[in-house]
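Values reported hereafter were calculated over all heavy atoms of this structure, with side chains retained and with hydrogens, waters and symmetry mates removed. Each ligand, and each atom within it, is numbered from 1 in the order the structure gives.
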Amino acid sequence: MKRRRGSANEASRLAKRAGQATLVLIKPDAIQRGLTGHVLARLDEARLSMIGAKIVRVTRALAEEHYDALRDKPFFPDLIRHLCGELHGVDHVLAFVYAGPGAIAKVRQLAGATNPEAAEPASIRGAFGRMTTGGIMENVLHASSDEQEAVREIALWFRPEELLRPVPFLTSGAVGRSPKGTR
Ligand code: IDP
Ligand code: MG
C-alpha cells in the first residue's frame with residue numbers, strides 16, 4: 001500500500017534545512033554616517049541568505065513595540081528617539097532578515113557587544129560604534145538575540161509576503177501579530 005508522507009514531518013524537515021532567521025536593523029547613527037555598505041559587507045561574511053530587505057520610516061509605536069522589554073529602563077526614552085532617527089536627523093532605518101544555520105549567533109558574533117566600548121575592536125560595533133558623552137549607545141545595528149525574539153521581531157517588521165521564503169514558526173500563530181499601524 002502506498003503511504004502518504006506525513007505533512008508534519010515534511011514541515012519539520014523544511015524548517016531544519018532553512019535553519020534560523022534573524023532580524024537586523026541598520027540604526028540611524030549608521031545611516032547618518034554612511035555606514036550601510038560597510039555593515040552589509042561585514043554581514044556577508046556570515047554566508048547567510050538575505051530573505052527580506054526594506055527601508056522603514058520608524059513610528060514611535062513601532063520603536064516602542066520593538067523595544068517593549070526595555071520600557072522600564074532609564075534610557076528607554078532616548079532609545080526610542082534614537083530608533084526613530086530623531087537624534088541623528090534621519091527619517092528611516094534599513095531592516096533585513098537573514099536566514100541559515102545558526103543565523104542568530106553568527107550575526108550577534110559579527111555585531112559584537114551591546115556597548116561599543118566593550119565590543120571586540122574587530123566587530124561591527126567595535127569598529128564603527130561609539131558611546132556619546134550624552135550616554136547614547138551609537139551601536140550601529142540591531143540583531144535579534146535569541147529565537148523567540150527573532151520570530152517576534154521579524155513578525156513585527158515584515159509581513160510574511162515580504163520574505164523570500166517562509167520563516168519557521170512565523171506562520172504557526174505562536175507569536176502575536178504586530179499592533180495595528182506599526183509596520
Ligand atoms: P542589544 O542591542 O545588544 O541586543 P539590548 O540589551 O537588547 O542590547 O539593548 C537594546 C539597545 O538599548 C541597545 O542596542 C542600545 O542601543 C540600548 N542600550 C542598552 N543598554 C544601554 C545603556 O546602558 N545605556 C544606553 N543605551 C543602552
Ligand atoms: Mg537586544
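The part of K27 lying near ligand 1 is the side chain, judged by heavy-atom distances below 4.0 Å. With a heavy-atom cut-off of 4.0 Å, E138 does not touch ligand 1 at all. No part of I136 comes within 4.0 Å of ligand 1, judged by heavy-atom distances.
Ion pairing between E149 and R152 fails under the 4.0 Å rule for side-chain N and carboxylate O.
Crowding of R60 atom CZ: a count of heavy atoms from other residues, nucleotides or ligands under 6.0 Å exceeding 12.
For ligand 1, the atoms sitting less than 4.0 Å from at least one non-hydrogen atom of G135 are 25 (C), numbered in the order shown with element in parentheses.
In terms of polar-atom proximity, defined here as any N/O pair under 3.5 Å, R125 does make such a contact with ligand 1. The shortest N/O to N/O separation between Y67 and ligand 1 does not fall below 3.5 Å.
Atom 3 (O) of ligand 1 has its closest protein heavy atom at T114 OG1, 2.5 Å. Closest to atom 9 (O) of ligand 1, if we only count protein heavy atoms, is L70 CD1, 3.6 Å. Among protein heavy atoms, atom 15 (C) of ligand 1 sits closest to N139 ND2, 3.6 Å. R108 NH1, 2.8 Å is the protein heavy atom nearest to atom 4 (O) of ligand 1. When hydrogens are left out, the protein atom nearest atom 19 (C) of ligand 1 is F75 CZ, 3.5 Å; that is the closest non-hydrogen contact. With respect to atom 17 (C) of ligand 1, the closest heavy atom belonging to the protein is L79 CD1, 3.6 Å.
Under the 3.5 Å distance criterion, the side-chain polar atoms of T132 are matched with a main-chain donor or acceptor of G134. Looking at R71, its side chain never comes within 3.5 Å of a backbone N or O of F76 through a donor-acceptor pair.
Nearest heavy-atom pair, L156 versus E65, reported as atom, atom and distance to 0.1 Å: CD1-CG, 3.5 Å. Residues A95 and L25 share a closest heavy-atom pair of CB-CD2, 3.6 Å. The two residues A150 and T22 have their closest heavy-atom pair at CB-CA, 4.2 Å.
Between W157 and H66, the ring-plane angle classifies as perpendicular under the 30° and 60° cut-offs.
For K73, the heavy-atom gap to ligand 1 stays at 4.0 angstrom or more. Ligand 1 does not have S145 within reach: every non-hydrogen atom of the residue lies 4.0 Å or more from it.
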Give the table of side-chain donor-acceptor pairs shorter than 3.5 Å for residues 112-131, with sequence neighbours excluded, one pair per line with atom names and distance.
| residue | atom | partner | partner atom | Å |
| --- | --- | --- | --- | --- |
| N115 | OD1 | E117 | N | 2.9 |
| S123 | OG | E120 | O | 2.6 |
| S123 | OG | G126 | N | 3.0 |
| R125 | NE | N139 | O | 3.2 |
| R125 | NH1 | G112 | O | 3.3 |
| R125 | NH2 | L141 | O | 2.8 |
| R130 | NE | E138 | OE1 | 2.6 |
| R130 | NH2 | E138 | OE1 | 3.3 |

